[in-house]
Structure formats: structure tokens, C-alpha cells
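Chain letters run A, B, ... following the sequence lines, proteins first, then strands; residues in each count from 1.
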2 protein chains.
Amino acid sequence: MPVPERKSYHHRDLRNALISAAIPVLKEKGVMGLGMRELATLTGVSHGAPYRHFSDKTALLEAIAAQGYRQVSALCNSAREKYRQQPLQALEEAGIGYLRFVVDNPEIANLMFSGVLSPVRRGSELGEAAACAERDLLLIIELGKQAGLYAGFDNNDLTTAFLSMMHGLSMLLAGDLLPGQQRDERSVRVLGRTVAAILLNGMLRRGAGNGER
Amino acid sequence: MPVPERKSYHHRDLRNALISAAIPVLKEKGVMGLGMRELATLTGVSHGAPYRHFSDKTALLEAIAAQGYRQVSALCNSAREKYRQQPLQALEEAGIGYLRFVVDNPEIANLMFSGVLSPVRRGSELGEAAACAERDLLLIIELGKQAGLYAGFDNNDLTTAFLSMMHGLSMLLAGDLLPGQQRDERSVRVLGRTVAAILLNGMLRRGAGNGER
DNA sequence: ACCTGAACACCGTTCAAGT
DNA sequence: ACCTGAACACCGTTCAAGT
């Protein structure tokens, strides 16, 4: 009923308005609960209007996911520039930033990573944004690599390990799948640091008999 | 058109038939592409029939997710019994099994972990199955704990670290987000082992100056 | 160039009626 | 007890027509 801000004339900056309107709906009702028509009325246009800006409901979701990837890019780059001479700090800053982004925006993270959106097509806005975020993430790990920080594992594997750990922790936290784990800012930061320290130092007691190099 | 196996009489073991029919559709068209009516015709009943067995589309999805959790439970328990005296092997077996399950069934994993299904209500079939899988997973880590295998970190944190790493790697692999990474059985197993070894031994060069305990 | 509103095909879900 | 089929409200999407 309370159609918000109904500017009486015919056009505006829809597209962005649609994306902005979609995000809270996404958080409240999830992907399956979000409707194109609802979004149209929320932004005060008719139900046909969104299709001038998004060819598809999927296209809208992709635009939201792309925006998420760009946030991850930004957070990586700011961490890298802030701690250009301290690769370990940069890694921590980016890792915690990633963690917080996912925990604070579980539905968007879900859109980005869950495969609801078809295999990321090269060249699309989504594909570009995802590739870019990936690259910016890797740049941070390169920093430590160049500083000769890491052990004698393959560099790609080290990257995969770090990424897997942070991504996994983020998703588990976001989905509330770690029972009894708080999710306020401080708890998340502490847990992130702790788990990262385990990865950096190793889980095994020194001298335990395992045959890995 | 080719309505399969239309047994002419009025009832059968729907519910299981519906779940079985849903899984391939899920793999082909994703959650958003799966329809109740389609499932009904695929199993040869009218579109109203499924609602005698599932109150909701969500209920159907929950049943599928619950089945996934039970598979994870089973795989954990079999690993634990197979390597009761070798906690490290048990951990590896379960980890790789988890990895393979997620990579082979990305849509089901998605249902289980993505939060599309509302916060797991205690007492529901889904809630039971999820809690059970969680418990069975933890039992394996307990094995190593009791063998005094691990370093001086908090045990809960070690568990979280291992879980996060395996979950993250699984989801990244399943979503094809590790560029240039093969996903055949052998590659997945090798990558899983490698990454687990990094977690067990630590990422950092020994003696790198970091202040963690 | 962008938006409206009617129209279409198709959902999920319900429910009286059948067997 | 389980299934059918009509019915309802509501989707996503299209498109001629308006401004």
C-alpha cells in the first residue's frame, strides 16, 4: 500500500533503484521469495518496467552478485595498499574483511558462490567482476610469496589452502552451521584470526609421525 | 510426452519417487528450475498428488537436504570404523569423502549449506539429520584428539579449522571457482590431500617472525 | 528512450470429489 | 488412505501503445 517515493513523472534511475530494493527483500525472504513484480511496485513503476533494464530475473541477480564481487575486490585492494610492506597483516586484513562481508551479507554471498547463477560466462559483467575479485585476492597472497614467507609447498596449493579455509569458515559462519558460535564483529574477528593462525602454524603436534614433506 | 512407467492404478510409493525424480531435475535446472507440477508428471501422478506427501515445495527440498546429511553421516561413520586405530587416516578418509560428495552433488550440497532452506529448525527431519552429521564429523576429530595428535591449540578451534578448510575447498571446487582445477576423482583426491597436509603442517616457513603461540 | 497495462503461459497450493 | 481435476491467486515475460 505505501508505495514509497512515487515521483509522478515517467522515468528515473531504475536499475540501481531495483538493485537497492532487491537487497533487503533478499535478506528477508531469500532468493526464492524475491519477485520481479514486487520489486517493480517497491520502486514505484509498473511490473513491465524492470525488463527495460534487466532481460531476466537472473540478470538482476547477476548484477547483485557482481556488485558483491566488486566489494570483495575493493576490500582486497585496500588491505593490500594499507599493508604493502607487511604481507602477513595484509593477508589477515583481507581474510577478516572477507569473513565479515560474507557473514554480514549471507544472501549475496550465496548468490555469488552457490551456483544458483549458471556457470559464470566469460565476458559477462558477473564473469568480469568475479575474475577481478579472484585476481585481487591472489595479489595479496603474491605479496607474502615474494617476501619468502611461506613453507616449501607449491604456491598454488598454499593459495588454495588459505582461500579454502577463509571461504569455508565464512560460509559455515554465515549459515550458522558452527553450533554455539557467536557472530558479532568481535567474535568473528577473533575466530578468524585463531583459525588462520592454525593454518599458518599447522595443526599437528611437532614430531607426530606423518610422511608428508 | 513420454510419461515414464505409468502404472495404471492409483497409488504407489510416491514421496521416494518424488525425491528420486527431483534430484536429476535439480542437477539439470537448479533449484529455481525445479517445479512441483513437473515432478508430478515425471512420476506419473496429477499435480495435486505430491501435496499428500510434502506440505510444501520447501518440505520436498528439505527432505532432499536431509538425505544429503545422512549420506555425510554414513561416510563419516564408515571412515571412523575403518580406521579406528589410525585417526589421521580416518580424518583423511572422511575429508576426501566429504569433498567427493560435495563435488559430485553440488546442487544437494547447495541445498544443505546455502541457507535457501530456512534456519534449521530443531526437531525437524532436516534439523535431526544435520545435527547428526555434525556429531559424526566431530567424532572423527575426537579420535585424533584422544590420540594426542594435535598441537596446543584449543580443540574446538582445531575442529573448526579442519572443517572450514574441507568445506571451503569442497564448495570452491563444486562451484568451479578454482580456475584451472580439474575435478575428476583423482585430481580431487590429490588436491584434498595436499591442502590437508598444508593445514596439518602449517603454511609458514619455520622461524618466520609471527607472534602466535 | 523509457514506461504502462493488457495479455499469455505457467506456477504453487487448496479442496471437494472420486477410488 | 491416497489420488484427481477444477479452481484461485500469483508468478515471469512479452509487447503494442503511450509519453
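- Distance from the side chain of A:Met36 is smallest for D:dT13 among the nucleotides D:dA16, C:dC15, D:dT13.
- Looking at A:Thr43, its side chain does come within 3.5 Å of a backbone N or O of A:Leu39 through a donor-acceptor pair.
- To the nearest 0.5 Å, atom CZ of residue A:Arg70 and atom CG of residue A:Leu75 are 14.5 Å apart.
- Taking the side chain as every heavy atom from C-beta outward, A:Glu125 and A:Glu62 never approach each other to under 4.5 Å.
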**OP:** Quick one, give me the B/S/- string for nucleotides 5-10 of chain D, reading 5' to 3', where B means a protein heavy atom under 4.0 Å from the base and S means that only happens at the primed atoms, P, OP1 or OP2.
**Re:** BBB---
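- Atoms CE (B:Met32) and P (C:dG12) sit 12 Å apart, rounded to a whole Å.
- You'll find the side chain of B:Asp136 reaches within 4.5 Å of the side chain of B:Cys132, heavy atoms only.
- In this structure, CG of B:Asp13 is placed 13 Å from C1' of D:dC2, rounded to the nearest angstrom.
- Listed nucleotides: D:dG12, D:dC3, C:dG12. Nearest to the side chain of B:His53: D:dC3.
- When the P atom of D:dC2 is taken as reference, atom CG of B:Asn16 falls 13 Å away, rounded to whole Å.
- The separation between B:Phe54 atom CZ and D:dC2 atom P is 13 Å, rounded to whole Å.
- Taking the side chain as every heavy atom from C-beta outward, B:Gln181 and B:Leu173 approach each other to under 4.5 Å.
- Between atom OG of residue A:Ser114 and atom CE of residue B:Met171 there is a gap of 8.0 Å, rounded to the nearest 0.5 Å.
- In this model, no donor atom of one side chain and acceptor atom of the other lie less than 3.5 Å apart for A:Asp157 and A:Thr160.
- Atoms CZ and OH, from A:Phe113 and A:Tyr69 in turn, are 5.0 Å apart once rounded to the nearest 0.5 Å.
- The CG-P distance, from A:Leu39 to D:dG12, rounds to 9 Å in whole Å.
- B:Asp56 has its CG atom 17 Å from the P atom of C:dC11, to the nearest Å.
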Original post:
Where each pair must be Watson-Crick or G-U wobble with both distances under 3.5 Å, what dot-bracket representation of DNA chain D is obtained, with crossing pairs in [ ] and other-strand partners as |?
Top reply: ||.|||||...|||||.||
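- Nearest to the side-chain atoms of B:Arg52 among the listed nucleotides D:dC2, D:dG12, C:dC2 stands D:dC2.
- Contact annotation for B:Leu60: no contact, since no heavy-atom pair falls under 4.0 Å across all strands.
- Per the geometry, CG belonging to B:Leu14 stands 9 Å off C1' belonging to D:dC3, to the nearest Å.
- Regarding A:Leu42, its CG atom lies at a distance of 12 Å from the P atom of D:dC11, rounded to whole Å.
- Side-chain N or O atoms of A:Asn105 include one that pairs as donor or acceptor with a backbone N or O of A:Phe101 at under 3.5 Å.
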